[in-house]
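First the structure, in the form of structure tokens, and then the observations on it.
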Amino acid sequence: MIKVIFPDGAESSFEEGATFFDVLKGHDREILKRSVAVRVDGVLRDLRSTLKGDSAVRVDPVTSDSKEGLEILRHSASHVMAQAVRSLYGNVKLAIGPAIEDGFYYDFDTEKPFTPEDLEKIEGRMREIVKADYRFEGEVLSKKDALDLFAGMGEKYKEEIISELTDTTVSVYKQADFTDLCRGPHVPSTGYVKAFKLTGTAGAYWRGSEKNKMLQRVYGTAFPTKEALQVHLDRLEEAKKRDHRKLGKELDLFSTSEEIGSGLVLWHPNGSTVRMLIEEFWKKEHVKGDYSIIYTPHIAQVGLWKTSGHWDFYRENLFSPMDVEGQEYIVKPMNCPFHIQIYKSHLRSYRDLPVRYAELGTVYRYERSGVLHGLLRVRGFTQDDAHIFMTPSQLEGEIKGVLKFTLYILKSFGFNEFDIYLSTRPEKYVGDLENWEKAEAALKGALESSGLGYTIDPGEGVFYGPKIDIKIKDVIGRSWQCSTIQVDFNLPERFDVTYRDENGAESRPIMIHRALMGSLERFFGCLVEHYAGAFPTWFAPVQAVILTVTDRNNEYAGSVYRRLREEGFRVELDKRNEKLGFKIREAQMRKIPYQLVIGDSEEKEGKLAPRKRGGETLDPMPVDEFVELLRGEDKPAS
RNA sequence: GCCGGCGUAGCUCAGGGGCAGAGCAACUGAUUCGUAAUCAGUAGGUCGGGGGUUCAAUUCCCCCCGCCGGCUCCA
């Protein structure tokens with residue numbers, strides 16, 4: 001007999017050879033219903049596998065609503081999909097089919113790419129397979145037997161995977177006549193994959209390398225219940241509604257033009273107003289934060305970037321040089337060399353440090369056409385850039401200061417949840433190891449003494465130094481990479497940046513590169529999606545629109561309009577000969593925070609009747625009172 | 001850059017080898033109206049661009065451009 005200990009502390013005994021089905025059945029039938037696998041002394045196993053060995057084991061059910069369980073479910077769904085594809089299309093080779101963040105995919109090597117109709121066909125066949133409820137049966141083979149098996153099936157990708165495994169045995173799973181290489185575990189049978197949907201196709205390189213063959217990937221998702229699947233699909237719908245590209249058009253915020261070129265953004269008056277307000281706020285806060293605001297040119301001699309190292313590291317992303325009287329110039333891909341030149345325009349003393357230069361610097365990078373995406377990935381964008389030059393002993397304190405400043409700015413725009421990452425030295429790097437270690441330690445120290453939780457992203461640092469990235473969470477839970485704080489020992493070296501230390505000796509300062517919003521384009525796109533276009537009053541392009549009920553009210557409405565304008569508010573006056581309902585609808589669709597209704601009764605009493613964007617109507621109030629109300633909202637969140 | 005899809009009026013979209021369609025927006029007129037669409041009329045197009053097949057191409061084929069979903073990349 002083997003003693004089984006459950007997570008709640010309960011214990012029972014079973015014969016060796018009992019399946020985990022039997023084990024759970026005796027413990028809790030409800031949990032068994034939701035279980036897709038078990039953890040046995042910490043190791044994931046199939047429900048169908050059996051108890052053996054030790055005198056006592058701990059058994060934790062893995063339910064489909066847990067993170068692990070969901071992964072198992074989705075992984076099984078990918079096998080169901082592979083089975084469907086295999087049965088529908090003859091000459092298909094299987095590559096890999098893992099569970100991912102929001103679902104699963106499977107890569108196939110096919111003669112013809114899948115069409116949307118194929119997707120429906122595959123989904124239909126998957127439903128048949130689910131209905132047939134085939135058992136997932138695991139089997140362990142020797143490496144050689146497995147190689148023979150998959151070689152016999154012509155599965156060259158599986159062969160490649162197996163031959164690179166170091167284990168002496170490999171496991172395979174079968175359902176009906178379909179066999180796949182798989183570590184497992186799986187749900188007990190295909191019937192468990194009740195709620196799934198195929199979501200798209202894509203080309204994907206074998207093993208993620210451009211040098212390899214492009215395979216056909218099919219994406220799908222699966223959930224424990226139809227309801228959970230629907231919630232997920234609704235969330236995708238919601239994200240679609242918030243898409244900044246769609247809202248950008250609807251709210252007349254920005255556009256791009258085929259005649260101008262890809263990835264180059266035109267900021268329309270509405271979008272420009274938001275940007276202007278962001279920039280004004282940004283500048284004011286940077287002055288308060290002891291930064292000097294500077295401006296630098298858009299083109300410069302290519303030598304600057306040869307010195308910086310970017311010419312070697314990022315040449316394929318730089319726009320081609322232009323010839324200016326025999327000198328090669330490029331349009332700038334970053335601002336740092338300019339800031340360094342300003343620093344170097346004087347001899348600096350340790351007493352001058354830290355020196356903080358901030359610039360809303362517009363840069364241009366040649367992004368490959370396939371990667372462009374709305375405002376989030378463009379070829380011309382404005383960084384809210386700054387470079388801080390400091391002594392080594394100032395480093396940690398400066399990083400702390402930047403962290404605090406960053407969170408303050410982000411919170412001002414209504415973002416309150418963050419994921420913080422510390423990216424360490426990548427494979428391709430410059431500089432010596434000692435400096436890298438110092439820099440990583442300084443970043444870590446600043447995070448820890450600021451009491452901020454973070455995740456380490458190994459090898460994701462920039463070639464010249466480690467960095468902290470802050471991702472903001474939007475209102476529907478998506479992450480956006482905006483802020484970055486990078487330590488750099490390299491550029492000061494390359495540009496021979498110096499200061500005189502306490503002993504009058506020439507010393508090397510350290511630089512921090514940092515951007516809080518990243519780029520204004522990206523940050524704006526994020527704001528659009530976070531607020532679904534309904535911007536807070538303080539940076540809404542139009543804060544209020546006055547709506548007259550009839551022509552009789554035009555004169556009074558005009559005086560209210562002038563008053564609000566004089567107070568500095570962004571107000572419009574809609575005195576078109578239209579019904580009130582029509583004007584409200586239009587203002588509502590433009591997501592203007594306040595609609596101010598003025599009819600005969602308001603006019604008589606010198607009032608206005610505010611209606612909020614959400615539909616709430618306020619009692620008519622004197623104009624002065626509304627001025628106070630609006631003034632109260634016309635400022636950042638924190 | 002690569003794989004796939006798409007590109008028709010300002011916007012959203014229908015159509016399809018034989019005269020180019022709707023709704024909204026625009027414009028004109030009527031209506032003076034109280035919290036999400038008043039009515040009528042008018043105008044609007046190189047069907048992304050170039051080439052080819054055809055008596056005839058917006059429709060079929062090829063190339064290019066742009067956009068979308070991914071892959072790869074992202075200082």
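Please read all numbers here as calculations on a predicted model, not as lab measurements. Throughout, protein chains are lettered first and strands after them, A, B, ... in sequence-line order, and every chain is numbered starting at 1.
Base orientation of rC62(B): anti (glycosidic angle beyond 90° from 0).
The nucleotide whose nearest atom lies closest to any side-chain atom of V549(A) is, among rC71(B), rA75(B), rC33(B), rC33(B). When distances are taken from the side chain of P333(A) to each of rG4(B), rC68(B), rA75(B), the shortest belongs to rA75(B).
Spacing of P atoms, rG7(B) relative to rG49(B), comes out at 13 Å, to the nearest Å. Across rG69(B) and rU28(B), the matching C1' atoms stand 44 Å from one another, rounded to whole Å. If you take atom P in rC68(B) and the same atom in rA36(B), they sit 35 Å apart, rounded to whole Å. Taking the P atom of each, rG51(B) and rG15(B) are spaced 28 Å apart, rounded to whole Å.
Under 4.0 Å is where a charged nitrogen must lie from a carboxylate oxygen, and between K344(A) and D496(A) no such pair does. A salt bridge links R356(A) to E398(A): at least one charged side-chain nitrogen sits closer than 4.0 Å to a carboxylate oxygen. For the pair K112(A) and E117(A), the salt-bridge criterion is not met [side-chain N within less than 4.0 Å of a carboxylate O]. Of the charged side-chain nitrogens involved, at least one lies within less than 4.0 Å of a carboxylate oxygen, so that E367(A) and R377(A) count as a salt-bridged pair.
Rounded to an integer number of Å, the gap from CD of E578(A) to P of rG34(B) is 14 Å. Atom CZ of R522(A) and atom P of rC74(B) are 14 Å apart (whole Å). Whole-Å rounding puts the F313(A) CZ to rA75(B) P distance at 12 Å. The CG-P distance, from D551(A) to rA30(B), rounds to 13 Å in whole Å. Computed from coordinates, the I512(A) CD1 to rA75(B) C1' distance equals 17 Å when rounded to whole Å. Rounded to whole Å, atom C1' of rC39(B) lies 10 Å from atom NZ of K579(A). Rounded to whole Å, the distance from CZ on R611(A) to P on rA36(B) is 5 Å.
Here F463(A) does not lie in a stacked arrangement on the base of rA75(B), lacking the combination of planes under 30° and ring centres under 5.5 Å apart.
Within 4.0 Å (heavy atoms only), E602(A) reaches at least one base atom of the nucleic acid.
Closest heavy-atom contact between V487(A) and A439(A): CG1-CB, 3.6 Å.
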Watson-Crick and G-U pairing of RNA chain B, under 3.5 Å, as dot-bracket with | and [ ]: (((((((..((((....[..)))).(((((.......))))).....(((((..]....))))))))))))....
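Between the side chain of K332(A) and the backbone N or O of Y364(A), no donor-acceptor pair lies under 3.5 Å.
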Test side-chain contact (heavy atoms from CB on, under 4.5 Å) applied to F313(A) and V430(A), step by step: CA-CA 10 Å; F313(A) 273 84; V430(A) 297; 3.9 Å; yes
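Of the residues in residues 359-381 of chain A, those with a non-hydrogen atom less than 4.0 angstrom from any atom of RNA chain B are R365(A), R368(A), S369(A), G370(A), V371(A), H373(A), G374(A), R377(A).
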